[in-house]
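Beneath this line is the structure, given in structure tokens, with notes to follow.
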Amino acid sequence: MKKKIIIAIDGYSSTGKSTIAKQIAKALNYIYVDTGAMYRAVTLYAMQHNFVIENEIQADQLIQNLDNISLSFKFNKSLGFAEVFLNGINVEREIRTIEVSKLVSKVAAISEVRKKLVKEQQEMGTFKGIVMDGRDIGTVVFPEAELKLFMTASAEKRAKRRHLELLKRGDIVSYEEVLENVQERDHIDSSRKDSPLMKADNAVELDNSDMGMDEQFERIMSLIRSKIKTIQSTS
Ligand code: DC
């Protein structure tokens with residue numbers, strides 16, 4: 001039987017991590033976990049419970065309520081990926097709004113939130129065969145992951161992609177607002193004290209500013225194949 005591995009994909013926001021992660025998981029018949037969706041769902045909870053005042057998160061109140069937040073994923077056959085549920089309710093669409101995007105980095109900087117979510121993420125990887133994307137997967141969640149990728153692209157390219165995605169959903173938002181959000185999140189995610197976004201020493205860096213989806217997919221699949229081959233031949 002083919003050895004199952006853990007594939008950790010980190011990188012800046014809107015680098016297409018989740019799109020490529022979903023494709024890889026499908027090709028390998030692995031589980032895909034979008035950890036950004038978990039931080040987004042906690043942010044939505046904070047918004048729903050009025051723990052946000054003038055764009056600032058009331059961290060103490062949110063921390064006191066962390067035990068009341070239950071997150072789960074359910075595979076949606078027609079979409080081909082697992083949607084996120086907050087306390088039993090599908091919030092996949094609600095967590096992608098610009099309002100959530102504007103607050104999520106602040107929520108993700110709270111250590112107690114990270115501790116809860118990292119623990120849940122590590123449990124999901126117990127049996128390997130998983131593709132997980134986020135900001136700290138190769139550095140904190142699975143430092144022993146067999147394959148680590150670090151995705152980058154220019155802020156302008158990323159904002160353009162995200163803007164298009166939001167327009168397709170029917171959201172009214174300007175390119176400038178999306179670019180500003182991408183840059184602000186880059187800054188908060190990379191400069192926070194707890195688990196800042198950074199490339200793990202042994203991660204393979206992929207700049208996809210000018211790379212097509214097919215080329216990217218092929219490059220990653222060939223990295224995976226050679227990794228699995230090496231592991232099988234040494235075990
Ligand atoms: O991947 P995304 O844009 O949906 O992530 C939303 C935010 O969550 C991002 O700005 C940083 C945070 N995040 C994190 O801190 N750690 C992770 N493993 C995943 C996301």
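In listed order, ligands and their atoms are each counted from 1. Throughout, numbering of the chain's residues begins at 1 and tracks the sequence. On a predicted model such as this, the values are computed, not experimentally measured, just so you know.
- By the criterion of a heavy-atom distance under 4.0 Å, the side chain of Arg114, and not its backbone, is placed next to ligand 1.
- Interface atoms of ligand 1 facing Gly134, defined by a heavy-atom separation under 4.0 Å, are 17 (C), 18 (N), 19 (C).
- On a distance-only criterion, Arg96 and ligand 1 share no N/O pair closer than 3.5 Å.
- Residues Val104 and Val182 fall into different hydrophobic clusters, defined by Ile, Leu, Val, Met, Phe, Trp and Tyr side chains chained together at heavy-atom separations under 4.5 Å.
- Relative to atom 14 (C) of ligand 1, the option among Arg185, Arg162, Lys102, Arg135 with the closest non-hydrogen atom is Arg135.
- Within the set Ala108, Ser190, Gly36, the minimum heavy-atom distance to atom 12 (C) of ligand 1 is found for Ala108.
- Screening Arg192, Arg158, Arg135 for a salt bridge (Lys or Arg N to Asp or Glu O under 4.0 Å) with Asp186, the sole residue that qualifies is Arg158.
- The shortest side-chain heavy-atom distance between Leu86 and Leu71 falls under the 4.5 Å cut-off.
- Val100 is not connected to Leu167 by any chain of hydrophobic side-chain contacts under 4.5 Å among Ile, Leu, Val, Met, Phe, Trp and Tyr, and they are in different clusters.
- Screening Val33, Ile130, Val118, Thr35 for a side-chain contact (heavy atoms from CB on, under 4.5 Å) involving Ile137 leaves a single residue, Thr35.
- Neither the backbone nor the side chain of Met38 has any atom closer than 4.0 Å to an atom of ligand 1 (non-hydrogen atoms only).
- For ligand 1 and Ser105, the ligand atoms under 4.0 Å from any heavy atom of the residue are 10 (O).
- Residue Arg192 touches ligand 1 through its side chain alone, judged by heavy-atom distances below 4.0 Å.
- For the side-chain contact (heavy atoms from CB on, under 4.5 Å) with Ile7, the lone residue among Phe142, Tyr30, Tyr32 that qualifies is Tyr30.
- The shortest N/O to N/O separation between Asp133 and ligand 1 does not fall below 3.5 Å.
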